[in-house]
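Start at 1 and go down the list; that is how both ligands and their atoms are numbered. In what follows, residues are counted from 1 in the order of the sequence shown. Predicted model, so just to flag it, every value in this text is computed and none were measured.
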Amino acid sequence: MILKIDIEGLKKFYNFSHDLINLTEQALKDLKENFEFIEQIKSFNQLKVLNAFHLNKLSYTHLNKTDGYGYSDSGRDVIEKIFAKVFGCEDALVRIQFISGTQAIATMLFALLRPGDILLSICGKPYDTLQKVIGIKEGGHGNLIEYGIKYQEIDLKGNDFDFEKIETILKENSIKVVFIQRSRGYSVRSSISIEKLEKVIKFIKSISPQTFVVVDNCYGEFVEKLEPTEVGADLIAGSLIKNPGGTIASCGGYIAGKKELVEMCADRLNSPGMGKEVGPSLGFNKEILQGLLFSPHIVAESLKVAVFTSYIMEKLGYEVLPRFNEKRTDIIQTIVFKNEYELVRFCQGVQKGCPVDSNVLPEPWDMPGYSHKVIMAAGGFVQGTSLELSCDAPIRKPYAAYLQGSSSFEIGLVGVLHAIENIRRM
Ligand SMILES: *Cc1c(COP(=O)(O)O)cnc(C)c1O
C-alpha cells in the first residue's frame, strides 16, 4: 500500500520547493513496506483496545462525572480495568490527578522504595525530569536520595544492556527496584525494544526474583504488539498527553502492572489507606476513553511521520536515529544537526505546520525540570502534548532535535517540509 498523498493539493496549498515535492513522492514509494508494517501493528492494537472495551462492557453511563472524593466512580473503575486488559496485566491506576508522566513515574518509585533500598537504573541516566526526582540533579525537594534511598546506574553497552555488570551488581547487593526507560528520551542512545526488555527482565528475575522491574513506558505505547507488562515488567508508567491519550486526553497519567503494587501506588498518590477508592474523574472519563480508543491509529500516523522524516533527512545528509528501515519501539525521531542555528531553525519550521499557533515563533527557554535551555515547537489542542506534532531540543551538543507525533500524516508532512525550507531560507 503506497500512502496516497495528494501531491496536487500539497502544491496548491503550500509553496514548497520542487525538489522537496519530488523527494516526498519518492519517499512515499520507497516507504511502502514500512507503512504497511506500521498499519499491521496498528490493526492489531486497535483490535486489542476495542476488545478491552467490549470485555469490560463500557457503557454510556460510565462517561458520567464524579466530583468530591470520587467514591463509586464506576467510569473510572472501568477505565482502569480496560487499561489493565490492554496492557495485559492485573490492575491499573489511570488518573487525571497525575499531571504528566514524571508524576506517574515518581509515584511508582516512591511507592516501592523505602529508606535503605537501592534503585538501579540499567540504561544510564533516566529522563531529565526524573533526575530531580531521584536526587542526582539539584532542585527537587524531598527526592528519593533525601529519603535515604540509594541509587546506582549502569550504562547501556552499545545498543544493549550490560548483562555482565547487571549480574555483578544483582549478586553483590539486594536491589529493590530495577528501572528501565524504554524510549531514548533526550539522549542519542537507542530505544529498548520489547524483545530486549523481555530478555533482560528474565535475566534479572533469574538472578534476583524478588527485585521489582519497573519501566518508564513514555512514548512506547502501541508501537509494538506487546507492552512491557506482557513480558514480565512488574509496573509501567506513562503520560496521557503522550501515546495512550490519543491527543484527546487533557491531562493525566497511568501506572499499570501487579495488583498489589498498583495498590501501593494508589496509596502513594492519594494517601496511605485511601488507595484506589478515591479520586474524582471530574468529567474526564470520556476524553480518557476516546483518547485510548484513537491511540493506536494516531500512534501509527505519528510513526509514518517519523519514518518519512528519517528517510528525507537522511537523503538531505543528516544523521538520523533510528534510520527509516530500523525497527521502532517508540514514536521519537531524532535528527542531528550540524549547529545550533540549524537546530533552532528546524524546530521553528515544524511550528509552522502545527494546527494551532502556527504563527508563533518558539525560542529556547529555561524550562522547569530541565538543565539546559530547551526549544519546544508544539501547537496542538493540549499544552505540552507530544502526540500532536511537536519537536523539541535541548540546546546542547550534539544538537539533536526530537520530533514526534501528528494526529494525521499530512500535518507532520507539512511541518517537516516547512522545517527543511526554514533551514534553507534565511
Ligand atoms: C515524556 C517523558 C517522561 C515524562 O515527562 P512528562 O513531560 O512529565 O510527561 C519520562 N520519560 C520519558 C522517556 C519521556 O519521554
| task | Would you check if there is a donor-acceptor pair between the side chains of Ser386 and Tyr219 at a distance under 3.5 Å? | result | yes
| query | Are a donor atom and an acceptor atom from the side chains of Glu153 and Tyr151 found within less than 3.5 Å of each other? | reply | yes
| Residue pairs passing the ring pair (Phe, Tyr, Trp, His ring centres under 6.0 Å) test where at least one lies in residues 374-398, sequence neighbours excluded | none
| query | Under 6.0 Å from the six-membered ring centre of Tyr127 and within 45° of its axis: does the NZ or CZ of Lys242 meet both? | reply | yes
| For residues 318-328, which residue pairs qualify under side-chain hydrogen bond (donor to acceptor under 3.5 Å, both in side chains), counting only residues two or more places apart or in two chains? | Glu224-Lys327, Glu314-Arg323, Tyr318-Glu342, Arg328-Gln333
| task | Using the test side chain to side chain donor-acceptor pair (under 3.5 Å), find all partners of Thr102 that sit at least two apart in sequence or belong to another chain. | result | Thr129
| Under a 4.0 Å heavy-atom cut-off, which residues neighbour ligand 1? | Ser100, Gly101, Thr102, Ile105, Tyr127, Gln181, Asp216, Cys218, Tyr219, Ser239, Lys242
